[in-house]
**Q** 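To start, I am sharing the structure in question, which I have written as structure tokens.
Reckoned from all heavy atoms, side chains included, excluding hydrogens, waters and symmetry mates. Numbers for residues simply follow the sequence, beginning at 1.
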Amino acid sequence: MVKAYQNQRTFPIDIRHIAKALGSNETGTKEAREKALEERFPVEKDEELVCELTLLLDQTGVIMAWHLPGVLSEEFQRDCVRNLEFLFPDISRSITSSRSWRTQEDIFMEFQIRGAQWLQAGPLQNVILSATLMVMHPDLYVLGRETFLKLASSTQDEDMQQIIPEWSMVYSVVLVIVNQATPLHRDLSCQVQWLDMLATIGGDPNLHIE
């Protein structure tokens, strides 16, 4: 991470300005709207791939992303894949179902058992990722930690009371993405200063993030 911080790359955009122009329902899937945004905020496309440890900034100095290729060891990745075996039945069903997996109540009912097994099997991996966030964005880490502490002391929900002691991530949501290509989309509930964390597992040499 020190190498990434020392290798900063600035892009000619104002990320806050762009974020303010986006509506609350901007999913990034409407072609005409996206074309209008491109015309309003023209950006010269940079054909150079970012392959090294790099800190990506906008022109005002706002951190857009930490690019950290190779920081997750092969052993770490193998452990993550092994732990995901608890979730494979649910992942397979979500791929083949015609309904959105987000609304399939039967999957979530069964997931409670396997999800708990996944949490119990991988606390070290989750803690390492949380510690990484503590260095990259300490304020966000503190806010996430305080949220869980307050939730643990105030919730009356029995399921929540059982899961919080097992939850070893500072993030409140974990998504497992198994598709080979994820369509362009936006996180509508996020702020510019909030960083999501994307950990790629498997070392795909053809991985390309736009």
Side-chain angles (χ1 to χ4, degrees), residues 4 7-72 80 84 87-88 90-108 111 129 132-133 136-137 140 143-144 169 171-210:
N7 183 34
Q8 300 184 10
R9 185 169 173 183
T10 301
F11 291 81
I13 61 175
D14 186 333
I15 196 68
R16 288 195 181 98
H17 191 195
I18 295 175
K20 288 181 180 179
L22 295 176
S24 59
N25 295 317
E26 299 267 7
T27 60
T29 59
K30 296 181 180 179
E31 185 175 346
R33 173 57 174 163
E34 293 306 302
K35 183 177 180 181
L37 287 171
E38 289 180 2
E39 293 175 352
R40 182 177 176 183
F41 303 103
V43 178
E44 183 178 349
K45 189 171 183 180
D46 192 341
E47 300 294 340
E48 182 183 354
L49 295 178
V50 180
C51 302
E52 300 177 347
L53 297 163
T54 309
L55 186 62
L56 308 179
L57 310 171
D58 80 343
Q59 63 188 20
T60 68
V62 172
I63 296 176
M64 299 188 295
W66 290 75
H67 182 57
L68 306 172
V71 299
L72 301 181
C80 288
L84 286 175
L87 307 182
F88 282 166
D90 301 301
I91 293 174
S92 299
R93 293 177 59 193
S94 72
I95 296 172
T96 57
S97 174
S98 60
R99 292 180 295 158
S100 170
W101 64 270
R102 295 178 183 272
T103 59
Q104 288 185 240
E105 186 176 351
D106 56 333
I107 288 182
F108 285 95
F111 175 82
L129 294 176
T132 303
L133 178 67
M136 294 188 297
H137 198 326
L140 184 59
L143 288 174
M169 278 284 286
Y171 283 106
S172 60
V173 176
V174 175
L175 298 179
V176 179
I177 304 174
V178 295
N179 38 329
Q180 294 180 343
T182 301
L184 177 66
H185 66 281
R186 293 195 180 94
D187 186 346
L188 301 179
S189 61
C190 191
Q191 299 291 326
V192 171
Q193 296 86 352
W194 301 350
L195 298 180
D196 288 337
M197 183 176 293
L198 177 62
T200 58
I201 306 299
D204 185 356
N206 297 316
L207 175 65
H208 181 65
I209 300 176
E210 295 185 352

**Q** How long is the straight-line distance from CD1 of Ile13 back to CD1 of Ile18, given to the nearest 0.5 Å?
**A** 4.5 Å
**Q** Could you list all the side chain to side chain donor-acceptor pair (under 3.5 Å) pairs where at least one residue sits in residues 54-65, not counting sequence neighbours?
**A** Asn7-Thr54, Asp58-Thr60
**Q** Give me the atom names and distance for the closest heavy-atom approach of Cys51 to Pro69.
**A** O-CG, 3.5 Å
**Q** State which residues pass side chain to side chain contact (heavy atoms under 4.5 Å, CB included) with Leu57; sequence neighbours excluded, sorted by chain then number.
**A** Gln8, Thr10, Leu55, Ile63
**Q** List for me each residue that meets side chain to side chain contact (heavy atoms under 4.5 Å, CB included) alongside Leu37, sequence neighbours excluded, and say none if there are none.
**A** Leu22, Glu26, Arg33, Glu34, Phe41, Arg186
**Q** When rounded to the nearest 0.5 angstrom, what is the spacing between CE in Met197 and CE in Met136?
**A** 3.5 Å
**Q** Do Trp66 and Thr132 have side-chain heavy atoms sitting under 4.5 Å apart?
**A** no
**Q** What is the distance from atom OH of Tyr171 to atom CG of Leu133, rounded to the nearest 0.5 Å?
**A** 4.5 Å
**Q** Can you measure from CG (Leu56) to CD1 (Ile15) and round to the nearest 0.5 angstrom?
**A** 11.0 Å
